[in-house]
Colleague: 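Following this message is one structure expressed as structure tokens.
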Amino acid sequence: MGLANYLASAVLQQQQLQKQNQKQQGYFSNYFWKWRRPAEVVVMPWTMVCGLLLFAVGLISLFTGHVASDLEWYSQRLVKRTWYYKTDRDYHAPIDIWKSKFSNFYYGCCDRGPHFAAAVRERRSNGYLLIATSGGLNQQRTGITDAVVVARILNATLVVPELDHHSYWKDQSDFFQIFDVDWFISYLAKDVPIVKRVPEKFMRSMEKPPYTMRVPRKSEPEYYLEQVLPILLRRSVVQLTKFDYRLANELDEDLQKLRCRVNYHALRFTKSIRNLGQKLVVRMRKMAKRFIAVHLRFEPDMLAFSGCYYGGGDKERHELGEIRKRWETLPELSPDEERTRGKCPLTPHEVGLLLRALGFENSTYLYIASGEVYGGEETLRPLKELFPNFYTKEMLAGEELKSFLPFSSRLAAIDYTVCEESDVFVTNNNGNMAKILAGRRRYMGHKRTIRPNTKRLSMLFAARDKMDWSMFARKVKSRQRGFMGEPEEMRPGRGEFHEFPSACVCKKQNLDRFVDASMPEFIDKKNGTSERSISKGETGSMRNGSVSSVEENYHEDLLSN
């Protein structure tokens, strides 16, 4: 009994101890729960909630608006790889606005490939190809270049092309009065047989006159083989009219290189044009070691064609409206929309502001390639105030220019020669002269070529009075990124081949060793720069040749280009 009572007493004590522990655990648990219990929610008025939300949205909008306006500038500071800052230790310093850092590492390469067959002889060709070009000097130049390639495709003998005497400029010059015709024929002898005219014996033996046709714009080589070649074989002589931009932009590499041989080497100006153009270059360099050539392109016909408005009131609208009537196919355009789209040339004053904002000083020498500027001296006055060292071919040549004055194409050729030799070339539109000169300067080693980013600059010029000069200059530099003629801007398949001759620009091998690792766009094959390097047996010779100047592509699709 004693043992039983003892065991029962022990079990009872154990049960009491467990109850006490459970009670204490419940106390601390309740205490902890009470300590963690949140405070009662205070109900706020709905109007106060809306007000706070609107205030927050306003702060966010203000902040994001400021950041968006300077997004490119911030990115240039945060990212080391950029056009406007160097890639070395001091990468915040601006680049040399006179010359690309990498220009010496690129060269023109348009030699015939090993599989490019020699030209067929005239007697064994498929017939004679007559070409009637269209437009101003540089528009005709594109037609002549493509005419040689088409003759090659058709295995035909090319007759020296006819120049357009009926365009806006009414220039009566013939091919031999602008281009060195003998040089043209001899230089391309290995590519295409070229004659000055169809042999008279052959013409007398023809039963019918030459067949005339106009091919669609930017036709593929297959079109010429399927539609033109059968007629050529049947009639022996075919004439293609209005021949400009009638060949596709993208061709195989051998044909693209042929384009370059024609444009950059075979089409050389006559001796009289070359001599006077070089004299003007020498006179500019006697005054300054380096100078800028500006293709101002602010003539009445250009402004009328663009459909833009420059604040001249009813007088301007009437004058430009009358000029627009010369082109029956031009659509009605909204000046404000065209400016927003970047289709309006900058005014001379805006060109001056752009150059000063990029860093060109007041003492810089300017050569102005231009015809009659709309508004005359009053329009040019702000530009001359920004750059007093202001010269034109009329100012430099004097009496030497007199024999050229009746011929707009020859004057254009003189302007082109000076622009080609300038240290920096600035184009104020994206017309034929701008494209061809930009392409040639890329081919000659990426000489500095500046094209205003008018689409992004238009709003900036409109808000010029709302910011100080430092902010304006900073924004101009930001918006001009990719429009300064750097090698990385040229990618195969981009734009017109005449402006971006990627098949004819090669890169030297030692560029890869020179470029800093932070600039992969120059060494990455996927980024679009030309990847052909100099091989041991490749000379990459660059023959001397001239190209030509001033005018515009007056075609129905220019505004959509």
Side-chain angles (χ1 to χ4, degrees), residues 117-135 137 139-167 170-217 219 221-247 255 258-259 261-263 266-271 407 409-410:
V120 67
R121 293 185 178 181
E122 178 185 347
R123 292 182 179 180
R124 295 185 178 181
S125 68
N126 290 327
Y128 293 91
L129 183 65
L130 302 173
I131 294 292
T133 59
S134 176
L137 178 61
Q139 185 173 329
Q140 293 180 86
R141 190 185 192 96
T142 62
I144 297 168
T145 299
D146 288 349
V148 175
V149 180
V150 169
R152 173 78 188 195
I153 293 170
L154 296 174
N155 211 15
T157 297
L158 177 67
V159 180
V160 171
E162 295 180 15
L163 299 189
D164 187 356
H165 297 162
H166 306 289
S167 64
K170 299 292 188 299
D171 192 317
Q172 298 300 312
S173 300
D174 290 318
F175 189 100
F176 70 91
Q177 293 171 312
I178 296 178
F179 300 107
D180 186 336
V181 64
D182 294 325
W183 170 267
F184 177 74
I185 294 173
S186 62
Y187 190 93
L188 296 171
K190 294 182 179 180
D191 297 305
V192 174
I194 303 175
V195 296
K196 294 181 180 179
R197 62 186 63 86
V198 179
E200 293 184 8
K201 292 182 179 180
F202 188 87
M203 290 292 290
R204 287 197 298 267
S205 66
M206 291 177 58
E207 297 179 358
K208 298 180 180 180
Y211 186 87
T212 300
M213 63 183 296
R214 185 188 302 182
V215 299
R217 293 176 66 78
S219 297
E222 290 74 19
Y223 177 89
Y224 287 94
L225 293 174
E226 295 170 2
Q227 303 295 327
V228 181
L229 182 58
I231 300 174
L232 180 64
L233 292 173
R234 188 170 64 249
R235 300 291 294 271
S236 298
V237 181
V238 170
Q239 182 180 44
L240 303 181
T241 62
K242 290 286 184 181
F243 200 83
D244 58 341
Y245 299 100
R246 304 290 164 176
L247 184 61
L255 293 180
L258 176 55
R259 266 177 165 162
R261 289 197 293 276
V262 179
N263 198 10
L267 282 175
R268 187 172 73 177
F269 292 130
T270 59
K271 188 175 181 180
F407 307 101
S409 291
R410 300 183 209 183

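Values below: all heavy atoms of this structure, side chains included; hydrogens, waters and symmetry mates excluded. Source: prediction; values computed, not measured.
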Colleague: Do Val149 and Val262 have side-chain heavy atoms sitting under 4.5 Å apart?
Modeller: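 No, too far: nothing below the 4.5 Å cut-off.
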
Colleague: Does Tyr128 reach the side chain of Pro210, with side-chain heavy atoms less than 4.5 Å apart?
Modeller: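 No - every pair of side-chain heavy atoms lies 4.5 Å or more apart.
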
Colleague: Would you give the length of the straight line joining atom CZ of Arg152 to atom CZ of Arg259, rounded to the nearest 0.5 angstrom?
Modeller: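 If we round to the nearest 0.5 Å, Arg152:CZ and Arg259:CZ are 15.0 Å apart.
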
Colleague: If every non-hydrogen atom of Ala147 is compared with every non-hydrogen atom of Phe243, which pair is closest and at what distance?
Modeller: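 Smallest heavy-atom distance, with atoms named: N-CE2, 3.6 Å.
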
Colleague: Please report the C-alpha distance between Tyr224 and Leu229 in whole Å, then the side-chain angles of each, then the deciding distance to 0.1 Å, and finally whether the side-chain contact (heavy atoms from CB on, under 4.5 Å) criterion is met.
Modeller: CA-CA 6 Å; Tyr224 287 94; Leu229 182 58; over 6 Å; no

Colleague: What's the spacing between Leu188 CG and Arg261 CZ if we round to 0.5 Å?
Modeller: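 Reported value, rounded in 0.5 Å steps: 8.0 Å.
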
Colleague: Under 3.5 Å, is there a donor-acceptor pair linking the side chains of Asp244 and Gln139?
Modeller: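 Side chains of Asp244 and Gln139: pair found under 3.5 Å.
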
Colleague: Using ring pair (Phe, Tyr, Trp, His ring centres under 6.0 Å) as the criterion, point out the one residue from Phe179, Phe176, Phe175 that pairs with Phe184.
Modeller: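 Testing Phe184 for a ring pair (Phe, Tyr, Trp, His ring centres under 6.0 Å) against Phe179, Phe176, Phe175 leaves exactly one candidate, Phe175.
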
Colleague: Might you point out which heavy atoms bring Asp171 and Ser409 nearest each other, and give the distance in Å?
Modeller: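 Taking Asp171 first and Ser409 second, the nearest heavy atoms are OD2-N, 2.6 Å.
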
Colleague: Going through the distances and angles, do Val215 and Gln227 end up as a side-chain contact (heavy atoms from CB on, under 4.5 Å)?
Modeller: CA-CA 9 Å; Val215 299; Gln227 303 295 327; over 6 Å; no

Colleague: Kindly indicate whether the side chain of Asn126, heavy atoms from C-beta on, has any atom under 4.5 Å from the side chain of Val120.
Modeller: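 Asn126 does not reach Val120 side chain to side chain.
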
Colleague: Walk me through it: do Asp146 and Arg246 pass the test side-chain contact (heavy atoms from CB on, under 4.5 Å)?
Modeller: CA-CA 8 Å; Asp146 288 349; Arg246 304 290 164 176; over 6 Å; no

Colleague: For residues 233-240, which side-chain donor-acceptor pairs fall under 3.5 Å, sequence neighbours excluded?
Modeller:
from: Arg235; atom 1: NH2; to: Pro209; atom 2: O; distance (Å): 2.9
from: Gln239; atom 1: OE1; to: Thr212; atom 2: OG1; distance (Å): 3.4

Colleague: Using the side-chain contact (heavy atoms from CB on, under 4.5 Å) rule, take Leu232 and Leu129 through it: C-alpha gap first, then chi angles, then the decisive distance, then the call.
Modeller: CA-CA 8 Å; Leu232 180 64; Leu129 183 65; 5.6 Å; no

Colleague: Counting only heavy atoms not in Lys190, do more than 12 fall under 6.0 Å of its NZ?
Modeller: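 Open: at most 12 neighbouring heavy atoms sit under 6.0 Å from NZ of Lys190.
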
Colleague: Would you say that more than 12 heavy atoms from the other residues, nucleotides or ligands in this model lie under 6.0 Å from the CD of Glu200, or not?
Modeller: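 12 or below, so no.
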
Colleague: I'd like to know if Lys196 pairs up with Asp182 as an ion pair, taking the criterion as any Lys NZ or Arg NE/NH1/NH2 lying under 4.0 Å from an Asp or Glu carboxylate oxygen.
Modeller: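 Yes, charged N to carboxylate O under 4.0 Å.
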
Colleague: Please give me the minimum heavy-atom distance between Asp164 and Gly135, naming the atom from each residue.
Modeller: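 So the two residues come closest at OD2-N, 2.9 Å.
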
Colleague: Output the distance between atom CG (Leu163) and atom OG1 (Thr133), rounded to the nearest 0.5 Å.
Modeller: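 These two atoms lie 5.0 Å from each other.
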
Colleague: Got a second to check how far Ile178's CD1 is from Thr270's OG1, nearest 0.5 Å?
Modeller: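 Those atoms lie 8.0 Å apart.
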
Colleague: Would you check if the side chain of His165 reaches a backbone N or O of Ser173 as a donor-acceptor pair within less than 3.5 Å?
Modeller: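 Indeed, once roles are kept as given, a pair shorter than 3.5 Å links the two residues.
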
Colleague: So how far is it from Ile153 CD1 to Leu225 CG, rounded to the nearest 0.5 Å?
Modeller: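 Rounded to the nearest 0.5 Å, the CD1-CG separation comes out at 7.0 Å.
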
Colleague: Please tell me if the side chains of Thr145 and Leu247 come closer than 4.5 Å, counting only heavy atoms from C-beta onward.
Modeller: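 Answer no - side chains too far apart.
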
Colleague: If you take all heavy atoms of Ala266 and Tyr187, which pair is closest and at what distance?
Modeller: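 For Ala266 and Tyr187, the tightest heavy-atom pair comes out as CB-CD2, 3.9 Å.
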
Colleague: Between Ala119 and Pro193, which heavy-atom pair has the shortest distance, and what is it?
Modeller: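 In terms of heavy atoms, the two residues are closest at CB-CD, 4.1 Å.
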
Colleague: With rounding to the nearest 0.5 Å, note down the distance linking OG1 in Thr157 to CD in Glu122.
Modeller: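 Taking OG1 in Thr157 and CD in Glu122, the distance rounds to 5.0 Å.
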
